[in-house]
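Positions are given from 1, in the same order as the sequence printed here.
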Amino acid sequence: MKSPLLTLPGAIPAEGVDEGVAAHYGDLFREQRALADGTGFVDLSHRGVVTVTGEDRLAWLHLLLTQHVSDLPVGRATEALILSANGHIEHALYLVDDGETVWVHVEPGTQEALIAYLESMKFFYRVEVADRTADIAVVYLPAGSIAEVPEGVVVRETPHGRDLFLPRADLEAYAAQAGPPAGILAHEALRVEQYRPRLGFETDHRTIPHELGWIGSAVHLQKGCYRGQETVARVQNLGKPPRRLVFLHLDGSEVHLPTAGTELRLADDGPDGRKVGFITTSARHHELGPVALALVKRNVAVDAPLMAGDTAAAQEAVVEP
């Protein structure tokens, strides 16, 4: 859905998955600094919004999700995954319960497939699933923000900031008083800095939660059965994931930023060396310079210098080998 905030001064539309909101409003680094200082907001109104109502909603979701939500306190934010039977990540859900409704936001365009799966699993449970994307917009307020939240708006509060489930009809009016807008590129740069994976960016068709550090934050190891749990338990107890997430400091002298999918090789092996991983998200950070998240093979030494195409890259371990 195309956001009305694309009419704000300086707005440059985002492309790809984030099409429909602004990439930036004319000054990427100023927007990043504002968010880091706890001011401004980010328009995430392109994200899918799903609600689950009914007295069985938490008990039912508990059976389907990787997270322990049967006793989720009112107002406590959490995140969860839905896995395939083989333990591969299919959906990432960011949710909060307001006492009557579980509010979820998901990656743009994934809500229909998520709802189809949830509907297929309703059976005799007293639950109702609804797509609220058309009438609810997600707005992000950074950690430390003192911006007011309109009465009645559901808030999902995390250490990284607050997600507002705002009526879409109120989006323009809220933007006018919420402080300077920041685009999705600023939001992404801070996400990379915080090592936070994103579905469809850090994941592919064979990603398992252990590779991205989602164990604990999105996967509860002490809960009952859910689809894909066997893989989670086996890797946790008996093995190691084949890949691991790393944070990269990229050579700042290069003009071009290596894009997602750029192959990684050991610097000592030269340009013809074997592929040991690939970049998943790259960004220009207002303090750190060019940075990226990447997936590398588990056996790559944590201190090994890498090359992202022609760009030198120094790694920090996010998931230990």
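Proximity of a side-chain donor or acceptor of Asp56 to a complementary backbone N or O of Arg126 within less than 3.5 Å is detected. The main-chain N or O of Ala233 is found under 3.5 Å from a side-chain atom of Asn237 such that the two form a donor-acceptor pair. Listed for the Asp204 side chain is a donor-acceptor partner under 3.5 Å among the backbone atoms of Arg206. Formation of a donor-acceptor pair under 3.5 Å by the Glu157 side chain with backbone atoms of Ala77 is not found in this model. Looking at Thr101, its side chain never comes within 3.5 Å of a backbone N or O of Thr51 through a donor-acceptor pair. In this structure a side-chain-to-backbone donor-acceptor pair under 3.5 Å is present from Arg298 to Pro241.
A distance of 8.5 Å separates CH2 of Trp60 from CG of Leu65, quoted to the nearest 0.5 Å. Taken to the nearest 0.5 Å, the NE2 atom of His91 stands 10.5 Å off from the OG atom of Ser84. Atom CG of Leu83 is separated from atom CH2 of Trp214 by 10.0 Å, given to the nearest 0.5 angstrom. Rounding to the nearest 0.5 angstrom, the gap separating the CD atom in Glu202 from the CD1 atom in Ile89 is 10.5 Å. Going from atom CG of Leu93 over to atom CG of Leu114 covers 5.0 Å, rounded to the nearest 0.5 Å. If you take CG on Leu293 and CD1 on Ile279, they are separated by 9.5 Å, rounding to the nearest 0.5 Å.
Residues Tyr117 and Tyr94 do not share a hydrophobic cluster, defined by chaining ILVMFWY side chains whose heavy atoms lie under 4.5 Å apart. Ile208 is not connected to Leu81 by any chain of hydrophobic side-chain contacts under 4.5 Å among Ile, Leu, Val, Met, Phe, Trp and Tyr, and they are in different clusters. Hydrophobic clustering of Ile, Leu, Val, Met, Phe, Trp and Tyr side chains at less than 4.5 Å, counting indirect connections, keeps Leu44 apart from Met1. Cluster membership for Phe123 and Val127, using ILVMFWY side-chain heavy atoms within less than 4.5 angstrom, is shared. Using a 4.5 Å cut-off between side-chain heavy atoms of Ile, Leu, Val, Met, Phe, Trp and Tyr, with links allowed through other members, Leu288 and Val255 fall into different hydrophobic clusters.
Proximity of Val96 to Val102: side-chain heavy atoms (C-beta onward) are nowhere separated by under 4.5 Å. Val232 is listed as a side-chain neighbour of Leu221, based on a closest heavy-atom distance under 4.5 Å. Using a 4.5 Å heavy-atom threshold, the side chains of Thr311 and Met307 count as separate. Annotation: side chain of Leu171 is in contact with side chain of Ser45 (closest heavy-atom distance under 4.5 Å). In this structure, Val246 and Glu316 have side chains that are not in contact, with every pair of non-hydrogen atoms separated by 4.5 Å or more. Side-chain contact between Val50 and Val129: present, with at least one pair of heavy atoms (C-beta onward) separated by less than 4.5 Å. Two residues are said to be in side-chain contact when any heavy atoms from C-beta on lie closer than 4.5 Å; Tyr25 and Ile12 fail this criterion. Side-chain contact between Leu72 and Thr78 is present, with at least one heavy-atom pair separated by less than 4.5 Å.
Considering only residues two or more places apart in sequence or on other chains, Arg196 meets the salt bridge (charged side-chain N to carboxylate O under 4.0 Å, His left out) condition with none of them. Shown here are the side-chain contact (heavy atoms from CB on, under 4.5 Å) partners of Leu257, two or more places apart in sequence or in another chain: Leu250, Ser282, Arg284, Pro290.
Note on ring orientation: taking the six-membered ring where Trp is involved, the planes of Phe41 and Tyr174 are perpendicular (angle over 60°, cut-offs 30° and 60°). Between Phe165 and Trp103, the angle of the ring planes lies from 30° to 60°, which puts this pair in the tilted group.
Residues Arg168 and Asp135 are not paired through a salt bridge, judged by the lack of any N-O separation under 4.0 Å between the basic side chain and the carboxylate. Salt bridge Asp97/Arg57: present, at least one basic N to carboxylate O contact under 4.0 Å. Look at Arg265 and Glu263 and you find a salt bridge, because one of the NZ, NE, NH1 or NH2 atoms lies within 4.0 Å of a carboxylate O, short of that distance. Checked for salt-bridge contact, Glu320 and Lys240 miss the test: no charged N lies under 4.0 Å from a carboxylate O. A salt bridge links Glu211 with Arg243; the closest basic N to acidic carboxylate O contact falls under 4.0 Å.
At a cut-off of 3.5 Å, with distance as the only test, a side-chain donor of Ser3 or Asp43 sits close to an acceptor on the other residue. Judged by distance alone, the side chains of Asp37 and Thr39 never bring a donor and an acceptor atom under 3.5 Å apart.
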(request) Determine, stepwise, if the pair Arg76 / Arg156 fulfils side chain to side chain contact (heavy atoms under 4.5 Å, CB included). (result) CA-CA 7 Å; Arg76 178 178 295 177; Arg156 180 181 176 274; over 6 Å; no
(request) Could you check Gln67 against Val219 for side chain to side chain contact (heavy atoms under 4.5 Å, CB included), going step by step and ending with a plain yes or no? (result) CA-CA 5 Å; Gln67 187 58 273; Val219 179; over 6 Å; no
(request) Check the pair Val21, Leu6 against side chain to side chain contact (heavy atoms under 4.5 Å, CB included), reporting the backbone distance first and the verdict last. (result) CA-CA 6 Å; Val21 297; Leu6 285 172; 5.5 Å; no
(request) Given ring-ring contact (aromatic ring centres under 6.0 Å, His included), test His68 with His62 step by step and report yes or no. (result) CA-CA 6 Å; His68 195 300; His62 185 78; 4.5 Å; yes
(request) Take Tyr226 and Leu63 through the side chain to side chain contact (heavy atoms under 4.5 Å, CB included) test and state the conclusion after the steps. (result) CA-CA 6 Å; Tyr226 55 87; Leu63 299 174; over 6 Å; no
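Pairing each heavy atom of Ala292 with each of Val192, the nearest pair is C-CG1, 3.9 Å. For the residue pair Ala294 and Thr280, the shortest heavy atom distance occurs at N-OG1, 3.7 Å. The two residues Val319 and Leu212 make their nearest non-hydrogen contact at CG2-C, 3.7 Å. Residues Leu5 and Ala11 share a closest heavy-atom pair of O-CB, 4.1 Å. A pairwise comparison of heavy atoms in Leu295 and Leu264 identifies O-CD1, 4.4 Å as the closest pair. Between Pro181 and Leu8, the shortest heavy-atom contact is CG-CD1, 4.1 Å.
The ring pair (Phe, Tyr, Trp, His ring centres under 6.0 Å) analysis of residues 277-302, with sequence neighbours excluded, yields no pairs. The ring pair (Phe, Tyr, Trp, His ring centres under 6.0 Å) analysis of residues 132-158, with sequence neighbours excluded, yields the pairs Tyr140-His187. Among residue pairs with one or both ends in residues 104-125, those qualifying as salt bridge (charged side-chain N to carboxylate O under 4.0 Å, His left out) are Arg47-Glu107, Glu107-Arg198, Glu119-Lys122, Lys122-Glu128; sequence neighbours excluded. Sorted by first and then second residue, the ring pair (Phe, Tyr, Trp, His ring centres under 6.0 Å) pairs with a member in residues 229-266 read Tyr195-Phe247, Phe247-His249; sequence neighbours excluded.
For CD of Glu19, the number of neighbouring non-hydrogen atoms (other residues, nucleotides, ligands) closer than 6.0 Å is 12 at most. The environment of Lys2 atom NZ is sparse: at most 12 non-hydrogen atoms of other residues, nucleotides or ligands sit within 6.0 angstrom. Counted within 6.0 Å of CD on Gln177, heavy atoms from surrounding residues, nucleotides or ligands total more than 12; the atom is thus considered enclosed. Atom CG of Leu238 is surrounded by more than 12 heavy atoms from other residues, nucleotides or ligands within 6.0 Å.
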